[in-house]
Amino acid sequence: MSSTYRGRIAPTPTGYLHLGHARTFWIAMERAREAGGRLLYRDEDLDPQRCKAEYTNSAIEDLRWFGCDWHEGPDVGGSHGPYKQSERHDRFLNAWKLLKQAGFIYPCDKSRKDVARAGLAPHPEDETAEQIFPENWRPPIGTGKAAATPGETNWRFRVPDYLKIEFDDVRLGPCAFTCCHDFGDFLVWRKDGVPAYELAVVVDDAAMGITEVVRGEDLLISTARQLLIYKALGLQPPEFYHTPLLCDVSGQRLAKRHRSLSLRELRESGQSPEALRQSDDWWSGLED
Ligand code: GLU
């Protein structure tokens, strides 16, 4: 069967992967397999402060142990290595130029901390929700258009005032987020010269011909932001399938700092991937 389905798994190498990552990537792999399509591995190693080669290697090793496999990536010793975002800077810079010339983005010297201090929490009850960039901090339209390089400042995407972004998630169905209400002007380039996640992921998913993005529900709101970038760059967005997040026994969602459920520890403690895939943890939150 030939298929045009193209999926990807795209970990950020800032720590050991945990069972939640493995479950998301397993679902991504199953969806590609069921569609008779292809899956590629992309190492999202853009942040030189936080990403480490050691974690790139452990992620690949642990996922292979777990039984994950993918079809594409540069050849490394006879198997498929990852595409590395750190080697694709020119593409991101090109997108920055296009967005800047068309007036979608502007230079901004406000840091995340400044935005947090401004205290415009979209959902005050949710402590993890990102703060909204205050509208009255925006510079006039056209600011930054003449810049030849991003320079040593942050760049933000100017979100359309109160536009409702709607999309159909393959698993969750209709989703909607409103600009300036659920999220505000967001980073596309950082002052330390690193392209921000939202920009890099769109550029790469489009360049790699991804037809369906499978990732955790924590990135649902990012999808709304990314749809704005797709539109601004005139690119066709993929489908989105957001997976439920795994929680620990106390109901907290797993993070890389939770060592107990890291694949590495599970493996070292003698657990088998097959048993983990049968466990209650694995099945929690999955509908079928
Ligand atoms: N690299 C991101 C992460 O590990 C995921 C990116 C994505 O799937 O869009 O959280």
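Not measured: the values here are computed from a predicted model. Both counts, for ligands and for their atoms, begin at 1 and track the order of listing.
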Atom indices of ligand 1 within 4.0 angstrom of [X] heavy atoms, with elements:
X      : result
Tyr197 : 6 (C), 7 (C), 9 (O)
Arg8   : 7 (C), 8 (O), 9 (O)
Ala10  : 1 (N), 2 (C), 4 (O), 5 (C), 6 (C)
Val201 : 9 (O)

Answer yes or no: is there an ion pair linking [X] with [Y], defined by an N-O contact shorter than 4.0 Å?
X      : Y      : value
Asp185 : Lys110 : no
Arg91  : Asp204 : no
Arg31  : Glu34  : no

Ignoring hydrogens and angles, state whether a donor on the side chain of Arg215 or Thr223 is under 3.5 Å from an acceptor on the partner side chain.
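Judged by distance alone, the side chains do pair up.
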
Side chain or backbone, does Leu219 bring an N or O within less than 3.5 Å of an N or O on ligand 1?
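Among all N and O atoms of Leu219, none is under 3.5 Å from an N or O of ligand 1.
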
Using a 4.0 Å heavy-atom cut-off, say whether His21 meets ligand 1 through its side chain, its backbone, both or neither.
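For His21, there is no contact with ligand 1 at all, from either part.
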
Could you name each residue pair satisfying ring pair (Phe, Tyr, Trp, His ring centres under 6.0 Å) that touches residues 191-237, not counting sequence neighbours?
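Non-adjacent pairs meeting ring pair (Phe, Tyr, Trp, His ring centres under 6.0 Å): zero.
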
